[in-house]
Peer 1: 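Dropping the structure in here first, questions after.
Throughout, a chain's letter reflects where its sequence line sits, starting with A, and its residues are numbered from 1. Computation of the quantities below employed the complete heavy-atom set of this structure, encompassing side-chain atoms and omitting hydrogens, waters and symmetry-equivalent molecules.
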2 protein chains.
Amino acid sequence: MAQLAQVHPSIASRVLNGDKSASVKEETKQRVLEAAEQLAYRPNGLARGLRTKLSHCITLVIPDLSNPAFAEILRGAELEARRSQYYVLLASQDSGPQEKRFLRATLESRVDGVLLANAKVEDRVIEELEADAFPYVLVNRRSHKASRYVVGDDHGAARIATEHLIANGHRRIGHLAGPETADTATARRQGYEDALRAAGIKVDPALVVCGDYAVSSGRVGLRRLWTGVPRPTAVFAASFQLAVGALEAARELALEVPDHLSIVSIDEFELAAAIPPGLTTVRMPLEEMGREAVRMLLGVVRGEQAGGQLILPQLELVSRNSVGAPND
Amino acid sequence: MAQLAQVHPSIASRVLNGDKSASVKEETKQRVLEAAEQLAYRPNGLARGLRTKLSHCITLVIPDLSNPAFAEILRGAELEARRSQYYVLLASQDSGPQEKRFLRATLESRVDGVLLANAKVEDRVIEELEADAFPYVLVNRRSHKASRYVVGDDHGAARIATEHLIANGHRRIGHLAGPETADTATARRQGYEDALRAAGIKVDPALVVCGDYAVSSGRVGLRRLWTGVPRPTAVFAASFQLAVGALEAARELALEVPDHLSIVSIDEFELAAAIPPGLTTVRMPLEEMGREAVRMLLGVVRGEQAGGQLILPQLELVSRNSVGAPND
DNA sequence: TTGAAAGCGGTACCAG
DNA sequence: CTGGTACCGCTTTCAA
């Protein structure tokens, strides 16, 4: 490349990197640019990375690819990364002994930073990252150990969902909660409880079932709620999958939704419309979370920004047909 | 690292890479190993890659993350890559002007190979890859231009689906086909037609609606089919999303499934059980496709294998409640 | 304004 | 068996 332009490699480097401080004769610059164009020249990323200590890659750790919420986050992350000429290296956590494993890439200095997306990250891992001062950002997960995270407004979303039920006249509102280990789940539960209290409704622990975010949890959860006392007239599900499971159980129980039971959930997907009778949801800004997390991470990598806690406010109630008035 | 063990870096390298041909005194070897352990030493991947010309990364190009089928493929790919100490770099095609763009990584010699997963890859791209002798494998997509691909048995799956309908007594079977530009779609259509012919049923083009693989296509497609002549008693949808759309339309049309209309589709997901009345599907080995594609790709990278065409045979009819006898 | 040289952190191929 | 050395392809500093 350099020889085609008949210049020294260092000059080529300066030109191609748009080094402002370097002064290069206009004619020479042109020669370089033309040569580069002609050869469709692309500098070797590894060599460059070796020299500059920047790999231009980040890792995204994701617990479960089949969860559409993570697909959204991933998409946002990839979009934003690309805008900054960064690549996203994927580490799905189900691919073996977690722990250090997914940090291998960081240890090999293959990546400039890590995004931890609601992974069941051990606090220990965060501490280590923190101790090494290695750039990382939590996505969709808070932690008091972590100095940087990007999350949605889980509390607010849960409030909106619950208030929607209350506005429709419900008083005995059940909650299919996510795992107690997930702070998204606890925040949503908080929001649910706060909405009830704000409406002067007593919070009844018997109306809350904890499980994980999976479809099967929603199924058994709803059965439990339905056979319990008091029996709810509406249910707020902490995740799309939980709602799907609940709907499934309702069907098995021959319950009409929303006539016998109303259901709302968090996280909006195209499929929510497809499942009869059409699931009412609260949209969380998942893609935006991915974007913002990358933005924050790259800010840290570039040393422009120490990071911080970002709570994305955008919420939207997507009203369909799974909510109606209580029937008793 | 080398200095802790008090050996020359080259020795350390030999030991750590388990170079068989090199002879190293047992004691020295131990010293190196201990030092490496103690420092939790990980060689710099970039430096190593620069030297060995192997980045230990591959790119996976995916058209659309929100399609669960690709999530499955991705998962398989990631699993298999990890087994071979490889990293997967993600390039979702919706992230901007495609074309060369997603090949940037290859041009920067950041990756050792590319997986093209049913991307709407221009033939030109394939030709280029071929011309450069750059390792690549098509996944879930055939092309006569391509010397290597891994696909499922689309034709067979379509046959199984259609035959299932026939076995249930249907004769007027409609088909919601995928885009004519996708060879998976054409293969499925072929399978559908062949199954009909094998059963002595005349193929009627009026019973086939082409669209894309999206939910909305399924909705308008089913409406078209239902209002057309002849009116089908059953429909074979070429994708899960198409089936979802069809189910949606059926609901709008107040059709009972399967009483008024039977539906089968290809691609098995957990959600298929969740959508009333429970969608009967034919499972395609998506995860396996991802795995095998990576396997093939790495074989090529290592020069052990020229590649070839791999058609994964595993198919499975997952019978639920969306298929019944025709009602007329 | 340009050229030369060093070096990022390894690996590979020598000679000792 | 071990140590030296060159070099992968680029950036950066310094001298010309």
Peer 1: Identify, with sequence neighbours excluded, every residue that meets side-chain hydrogen bond (donor to acceptor under 3.5 Å, both in side chains) alongside A/S55.
Peer 2: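 If we apply the side-chain hydrogen bond (donor to acceptor under 3.5 Å, both in side chains) test to A/S55, skipping adjacent residues, the hits are A/D112.
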
Peer 1: Less than 4.0 Å between a side-chain N and a carboxylate O, is that true for A/E78 and A/R75?
Peer 2: no

Peer 1: Not counting sequence neighbours, which residues clear salt bridge (charged side-chain N to carboxylate O under 4.0 Å, His left out) with A/E34? List them please.
Peer 2: none

Peer 1: At 10 degrees resolution, what angle do the end axes of the helix from C/dT1-D/dA16 to C/dG16-D/dC1 form when each is taken over five base pairs?
Peer 2: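 Roughly 50° between the end axes, to the nearest 10°.
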
Peer 1: Would B/R148 pass as a cation-pi partner of B/Y136, given that its NZ or CZ must be under 6.0 Å from the six-membered ring centre and within 45 degrees of the axis?
Peer 2: yes

Peer 1: Holding to salt bridge (charged side-chain N to carboxylate O under 4.0 Å, His left out), I want the full list of residues that pass it with A/E27, two or more places apart in sequence or in another chain.
Peer 2: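 Partners of A/E27 under the salt bridge (charged side-chain N to carboxylate O under 4.0 Å, His left out) test: A/R31.
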
Peer 1: For DNA chain C, which residues in residues 24-34 of chain A have a heavy atom at a distance below 4.0 Å?
Peer 2: A/V24, A/K25, A/T28

Peer 1: Distance check needed: C/dG10 P versus B/H8 NE2, whole Å only.
Peer 2: 13 Å

Peer 1: Could you give the CG-to-P distance, from A/L16 to D/dT12, as a whole number of Å?
Peer 2: 13 Å

Peer 1: How would you list, by chain and number, every residue that makes a side chain to side chain contact (heavy atoms under 4.5 Å, CB included) with A/T186, sequence neighbours excluded?
Peer 2: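 A/T186 satisfies side chain to side chain contact (heavy atoms under 4.5 Å, CB included) with A/D183 only.
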
Peer 1: Could you pull out all residues at least two apart from B/D154 that satisfy salt bridge (charged side-chain N to carboxylate O under 4.0 Å, His left out)?
Peer 2: B/R142, B/R188

Peer 1: Can you give the donor-acceptor pairs under 3.5 Å from side chains of residues 292-312 of chain B to other protein atoms, not counting sequence neighbours?
Peer 2:
unit_1: B/E292; atom_1: OE2; unit_2: B/R295; atom_2: NH1; d: 3.0
unit_1: B/Q309; atom_1: NE2; unit_2: B/S147; atom_2: O; d: 2.9

Peer 1: Checking A/R14 against A/S10: is there a side-chain donor and acceptor pair closer than 3.5 Å?
Peer 2: yes

Peer 1: Answer yes when A/E130 and A/K145 have at least one side-chain N-carboxylate O distance shorter than 4.0 Å, and no when they do not.
Peer 2: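 So A/E130 does not pair with A/K145 through a salt bridge.
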
Peer 1: So which pairs with a foot in residues 47-69 of chain A pass ring-ring contact (aromatic ring centres under 6.0 Å, His included), sequence neighbours left out?
Peer 2: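 Applying ring-ring contact (aromatic ring centres under 6.0 Å, His included) to every pair that reaches into residues 47-69 of chain A, excluding sequence neighbours, yields A/H56-A/Y86.
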
Peer 1: Please list each protein N or O that sits under 3.5 Å from an N or O in nucleotides 13-16 of chain D, with the distance.
Peer 2:
none

Peer 1: May I ask you to check whether B/T184 and B/Y213 show a side-chain donor-acceptor distance below 3.5 Å?
Peer 2: yes

Peer 1: Show me, pair by pair, the donor-acceptor contacts under 3.5 angstrom made by side chains of residues 44-54 of chain A, not counting sequence neighbours?
Peer 2:
unit_1: A/N44; atom_1: OD1; unit_2: A/L46; atom_2: N; d: 2.7
unit_1: A/N44; atom_1: OD1; unit_2: A/A47; atom_2: N; d: 3.0
unit_1: A/N44; atom_1: ND2; unit_2: B/S109; atom_2: OG; d: 3.1
unit_1: A/R48; atom_1: NH2; unit_2: A/N17; atom_2: OD1; d: 2.9
unit_1: A/T52; atom_1: OG1; unit_2: A/R48; atom_2: O; d: 2.8
unit_1: A/T52; atom_1: OG1; unit_2: A/L54; atom_2: N; d: 3.4

Peer 1: Could you list all N or O pairs between the protein and nucleotides 8-10 of chain D that sit under 3.5 Å apart?
Peer 2:
unit_1: D/dC8; atom_1: O3'; unit_2: B/K53; atom_2: NZ; d: 2.5
unit_1: D/dG9; atom_1: OP1; unit_2: B/K53; atom_2: NZ; d: 2.5
unit_1: D/dG9; atom_1: N2; unit_2: A/A47; atom_2: O; d: 3.4
unit_1: D/dC10; atom_1: OP1; unit_2: A/Y41; atom_2: OH; d: 3.0
unit_1: D/dC10; atom_1: OP1; unit_2: A/N44; atom_2: N; d: 2.9
unit_1: D/dC10; atom_1: O5'; unit_2: A/Y41; atom_2: OH; d: 3.3

